[in-house]
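Take a look at the structure set out below.
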Amino acid sequence: EIVYNTTERVANARGNVILIRGAQRLVADEVSYRYDDGVYTIGRFRVGQGNLLASGSSGAGTDGGLRVENAVLTYGEPEPLSPKLRADAVTYQPAEDGGNSTAIIEGGSLGIGSANLLPLPKLKESPDRPAISGVKIDAGFSSELGAELSLAVTAPATDNVNLGADLGIFTKRGVLI
């Protein structure tokens, strides 16, 4: 159902709203657009492109940015062991005047499936200069170490050097950093 209020110049679409733009597809419960100021709001939604799938409880924005509440970003199909980034809120600001676009993640965490492994309380991320340049998660078993779960994270120190840390939990050796 699409309803346009001519007095307020607001368009509201409700139900199974599907918007397609190039390789991106958005499916939402509802979408509203105010013509006078260009503000749009989105009810519970999911959007995907390539191997990335994002969802949220709501979103709002303009051409100058977007804020998503209760965001989940999944790499690959949303399966029990898929890598996920969860956040209370994500704010996206597109590049202006040749600058970099940024995403601000608030109350976030990285994890696998339903497990949150690395908290990200507040993170400002730019594709041209990421705050985290690499994440590696391993799980396994060996007779010397027992069951293992390890997480390695690196961040750029300079253009050519990354620094990071590795946290391993082993049933026979305990925690190693």
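- For R44, the side chain to side chain donor-acceptor pair (under 3.5 Å) partners are D29, not counting sequence neighbours.
- Contact detail for N116 and R86: the closest heavy-atom pair is OD1-NH1, 2.9 Å.
- Placement of Y33 and V68 within a single hydrophobic cluster is found when ILVMFWY residues are connected by side-chain heavy-atom separations under 4.5 Å, directly or transitively.
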Item to complete: Assess whether side chain to side chain contact (heavy atoms under 4.5 Å, CB included) is satisfied between R67 and Y92, documenting all intermediate values.
Response: CA-CA 6 Å; R67 182 173 174 89; Y92 172 75; over 6 Å; no
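- Side-chain heavy atoms closer than 4.5 Å link hydrophobic residues (I, L, V, M, F, W, Y) into clusters, and following such links, possibly through other members, connects Y35 to L19.
- Between the CD1 atom in I42 and the CD atom in E30 there is a gap of 10.5 Å [rounded to 0.5 Å].
- At least one side-chain heavy atom of L120 sits less than 4.5 Å from a side-chain heavy atom of L85.
- Follow the hydrophobic side-chain contacts under 4.5 Å out from I105 and you never reach V47; the two are in separate clusters.
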**OP:** Decide yes or no on side chain to side chain donor-acceptor pair (under 3.5 Å) for S150 and E148, but give the supporting numbers first.
**Re:** CA-CA 6 Å; S150 65; E148 166 197 357; 3.3 Å; yes
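- What you find for L26 and F45 is that their closest heavy atoms are CD1-CD1, 3.8 Å.
- Across all their heavy atoms, L149 and A139 have their closest contact at CD1-CB, 4.2 Å.
- Scanning all heavy atoms of the two residues, the minimum distance from V27 to R25 falls at CG2-NE, 4.0 Å.
- Of all the heavy atoms in R46 and L53, the pair that sits closest is CB-CD1, 4.5 Å.
- L110 and V90 fall within a single hydrophobic cluster, where Ile, Leu, Val, Met, Phe, Trp and Tyr side chains are chained together by heavy-atom contacts under 4.5 Å.
- With values rounded to the nearest 0.5 angstrom, K84 atom NZ is found 8.0 Å from S55 atom OG.
- Hydrophobic clustering (ILVMFWY, side-chain heavy atoms < 4.5 Å, transitive): L176 and L145 are in one cluster.
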Next on the checklist: Determine whether S57 and E69 satisfy the following criterion, side chain to side chain donor-acceptor pair (under 3.5 Å), listing intermediate values before the conclusion.
Outcome noted: CA-CA 6 Å; S57 63; E69 302 293 332; over 6 Å; no
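- Residue K136 places its NZ atom among 12 or fewer non-hydrogen atoms of other residues, nucleotides or ligands, all under 6.0 Å distant.
- Nearest heavy-atom pair across Y40 and G65 is OH-O, 4.1 Å.
- Atom CG of residue L73 and atom OG of residue S82 lie 11.0 Å apart, to the nearest 0.5 angstrom.
- Going from atom CG of N12 over to atom CD1 of I2 covers 10.0 Å, rounded to the nearest 0.5 Å.
- Remark: I20 CD1 is packed, more than 12 non-hydrogen atoms of other residues, nucleotides or ligands lying under 6.0 Å away.
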*asked:* Please determine whether side chain to side chain contact (heavy atoms under 4.5 Å, CB included) holds for the pair V10 and R34, giving the CA-CA distance in whole Å, both sets of side-chain angles, and the decisive distance to 0.1 Å.
replied: CA-CA 4 Å; V10 175; R34 296 190 321 228; 3.7 Å; yes
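- Residues T91 and E106 form a side-chain contact, since some pair of their non-hydrogen atoms from C-beta on lies under 4.5 Å apart.
- By the neighbour-count criterion of 12 heavy atoms within 6.0 Å, atom CG of D63 is sparsely surrounded, having that number or fewer from other residues, nucleotides or ligands.
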